[in-house]
Amino acid sequence: MADVILQNVQKRFGSVEVIPDLSLYIPDGSFTVLVGPSGCGKSTLLRMIAGLETVSSGAISIGGEDVTHAEPDKRGIAMVFQSYALYPHMTVRQNIGFALRLAKRPKQEIRDRVEEAADILQLGPLLDRKPRQLSGGQRQRVAIGRAIVRNPKVFLFDEPLSNLDAALRTQMRVELAELHDRLDATMIYVTHDQVEAMTMADQIVIMRSGVVQQVGEPMDLYKRPENPFVAGFIGSPRMNLIEGDVADQRRARMVGVRPEHISMSFEEGEWHGKVRHAEHLGSDTVAYVDADGIGPVTIRLTGEVPITAGTSVWMTPEAGNLHLFRADGTVERV
Ligand code: ADP
Ligand code: MG
């Protein structure tokens with residue numbers, strides 16, 4: 001049992017308040033992703049859970065134990081950073097086993113645990129190499145191996161894939177999700193990338209300026225964003241958030257509709273506009289339209305659609321997929 005509970009956690013650096021007051025429940029065995037724009041306090045929060053940063057006030061418990069003032073190595077956590085921070089003069093085997101050697105574990109046990117981790121991460125053939133003889137993805141795997149051998153109750157990841165190229169990031173996303181299934185441990189993963197959050201999390205926590213905006217399963221956040229910030233943050237291309245007449249008619253501060261929830265016709269529809277720019281991706285076509293009396297509207301159409309800059313189009317938002325963000329903070333979906 002290793003759930004993580006944050007109770008009224010606050011963090012100030014001098015006079016700068018980074019986390020005003022944050023409470024959060026991270027279930028045992030979950031893959032929880034903390035996501036939000038750069039500078040919103042994700043790393044600070046993770047480092048407070050790890051014990052690398054003190055809390056200004058509030059309490060943190062891991063597996064039912066109050067660890068608010070415990071040393072990092074007494075918390076049962078292991079952390080993986082964006083910079084792999086491997087020891088360059090050590091082999092892969094020595095890097096992975098370092099924490100166990102430090103803890104003076106028996107040689108045979110170290111050997112077994114390093115090999116088990118290497119096996120999980122497909123690093124077996126690389127155990128005698130030095131970090132400089134590895135690719136970026138392999139180095140990141142070694143860093144994860146170092147965490148695995150410690151058999152932590154909670155894994156903490158801080159943007160571990162940000163230094164990898166796009167193809168490798170996609171592959172590592174799948175591997176991390178599989179690792180989570182296999183190890184059955186609680187994982188807390190920080191990223192600014194909503195795609196990573198959507199693809200790996202069973203619980204997403206969206207943060208902005210140190211404040212939790214919404215907590216939920218990925219599809220929950222996609223279908224039922226509670227405010228325009230969440231609506232605009234989750235999903236790509238981002239949700240259209242329309243003010244002005246369209247919002248006034250529906251007595252909303254803002255009307256949100258996702259690009260994939262607007263149908264297009266050359267003959268008729270609710271809104272008229274001219275395509276400003278179109279992206280032909282093969283699998284779908286994304287068009288940026290200047291809509292009459294509304295402004296910019298992004299639409300996403302399945303497959304290849306023959307439209308280019310200047311094409312006149314009609315657009316109709318799908319019933320059931322409009323999000324009306326009211327002035328009083330409530331949301332209605334129609
Ligand atoms: P994120 O990981 O979401 O990008 P951080 O947690 O790194 O954000 O930082 C949140 C805010 O706290 C930023 O404004 C950053 O400048 C500030 N901050 C982080 N660490 C320190 C520090 N040691 N001293 C002062 N300010 C800091
Ligand atoms: Mg960070």
Side-chain angles (χ1 to χ4, degrees), residues 4-26 30-60 62 67-69 71-72 75 77-86 136 139-140 143-144 146-147 154-166 168-169 172-173 176 186-201 203-216 218 221 225 227-236 238:
V4 178
I5 302 174
L6 307 177
Q7 260 179 319
N8 301 107
V9 167
Q10 305 188 350
K11 182 65 185 177
R12 283 180 300 272
F13 289 109
S15 61
V16 182
E17 190 170 60
V18 174
I19 297 184
D21 181 2
L22 190 148
S23 296
L24 183 63
Y25 180 68
I26 296 173
S30 72
F31 198 129
T32 292
V33 176
L34 309 177
V35 67
S38 176
C40 74
K42 307 178 294 292
S43 294
T44 302
L45 192 61
L46 202 68
R47 291 169 58 80
M48 288 193 291
I49 296 171
L52 299 172
E53 200 75 75
T54 58
V55 301
S56 301
S57 69
I60 299 175
I62 298 178
V67 297
T68 313
H69 303 291
E71 290 297 320
R75 297 188 179 205
I77 54 101
M79 189 150 166
V80 179
F81 301 90
Q82 176 178 349
S83 63
Y84 326 118
L86 302 179
R139 283 180 208 169
Q140 191 51 284
I144 294 168
R146 247 182 352 193
V154 182
F155 284 84
L156 306 176
F157 295 97
D158 193 351
E159 311 235 14
L161 307 186
S162 298
N163 283 349
L164 307 178
D165 66 46
L168 200 51
R169 270 208 305 275
M172 289 295 289
R173 284 209 305 262
L176 278 173
T186 309
M187 293 189 172
I188 308 177
Y189 186 104
V190 158
T191 180
H192 64 277
D193 180 352
Q194 62 94 21
V195 175
E196 287 185 6
M198 290 298 279
T199 52
M200 291 193 288
Q203 167 172 281
I204 297 181
V205 179
I206 302 197
M207 290 173 63
R208 178 194 202 183
S209 307
V211 178
V212 172
Q213 301 291 303
Q214 191 168 350
V215 180
L221 300 195
N227 62 46
F229 178 80
V230 174
F233 197 82
I234 295 288
S236 174
R238 67 195 295 272

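As the structure lists them, so they are numbered: ligands from 1, and atoms in each ligand from 1.
Checking atom 16 (O) of ligand 1 against the protein gives no heavy-atom contact under 4.0 Å.
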Please test Y189 against L161 for side chain to side chain contact (heavy atoms under 4.5 Å, CB included), starting from the C-alpha separation and ending with a verdict. CA-CA 11 Å; Y189 186 104; L161 307 186; 3.3 Å; yes
Please walk me through it: do V80 and Q140 pass side chain to side chain contact (heavy atoms under 4.5 Å, CB included)? CA-CA 9 Å; V80 179; Q140 191 51 284; 3.4 Å; yes
With side chain to side chain contact (heavy atoms under 4.5 Å, CB included) as the test, would you mind laying out the steps for L86 and R146 before giving the verdict? CA-CA 9 Å; L86 302 179; R146 247 182 352 193; 3.8 Å; yes
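Rounded to the nearest 0.5 Å, atoms CD1 (I26) and CD1 (I49) are 4.5 Å apart.
Among protein heavy atoms, atom 7 (O) of ligand 1 sits closest to S43 CB, 3.8 Å. The shortest contact between atom 8 (O) of ligand 1 and any protein heavy atom is with G41 N, 3.2 Å. In terms of protein heavy-atom proximity, atom 23 (N) of ligand 1 is closest to F13 CE2, 3.4 Å. Among all protein heavy atoms, the one lying closest to atom 5 (P) of ligand 1 is T44 OG1, 3.6 Å. Annotation: atom 14 (O) of ligand 1 to nearest protein heavy atom, G39 O, 4.0 Å.
Looking at ligand 1, you won't find any N or O of V18 less than 3.5 Å from one of its N or O atoms. Note: an N/O pair closer than 3.5 Å links C40 and ligand 1 by distance alone.
Within 6.0 Å of CD in Q82 there are more than 12 heavy atoms belonging to other residues, nucleotides or ligands.
Taking 4.0 Å as the cut-off, S38 counts as a neighbour of ligand 1 on heavy-atom distance. Residue contacts with ligand 1 do not include V16, since none of its heavy atoms lies under 4.0 Å from the ligand.
Taking the side chain as every heavy atom from C-beta outward, L34 and L24 approach each other to under 4.5 Å.
Looking at every heavy atom in both residues, H192 comes nearest to V35 through C-CG2, 4.0 Å.
Under the 3.5 Å distance criterion, with hydrogens and angles disregarded, no donor-acceptor pair is assigned to the side chains of S56 and Q10.
Because the distance cut-off is set at 2.8 Å, S43 qualifies as a neighbour of the Mg ion (ligand 2) through one of its N, O or S atoms.
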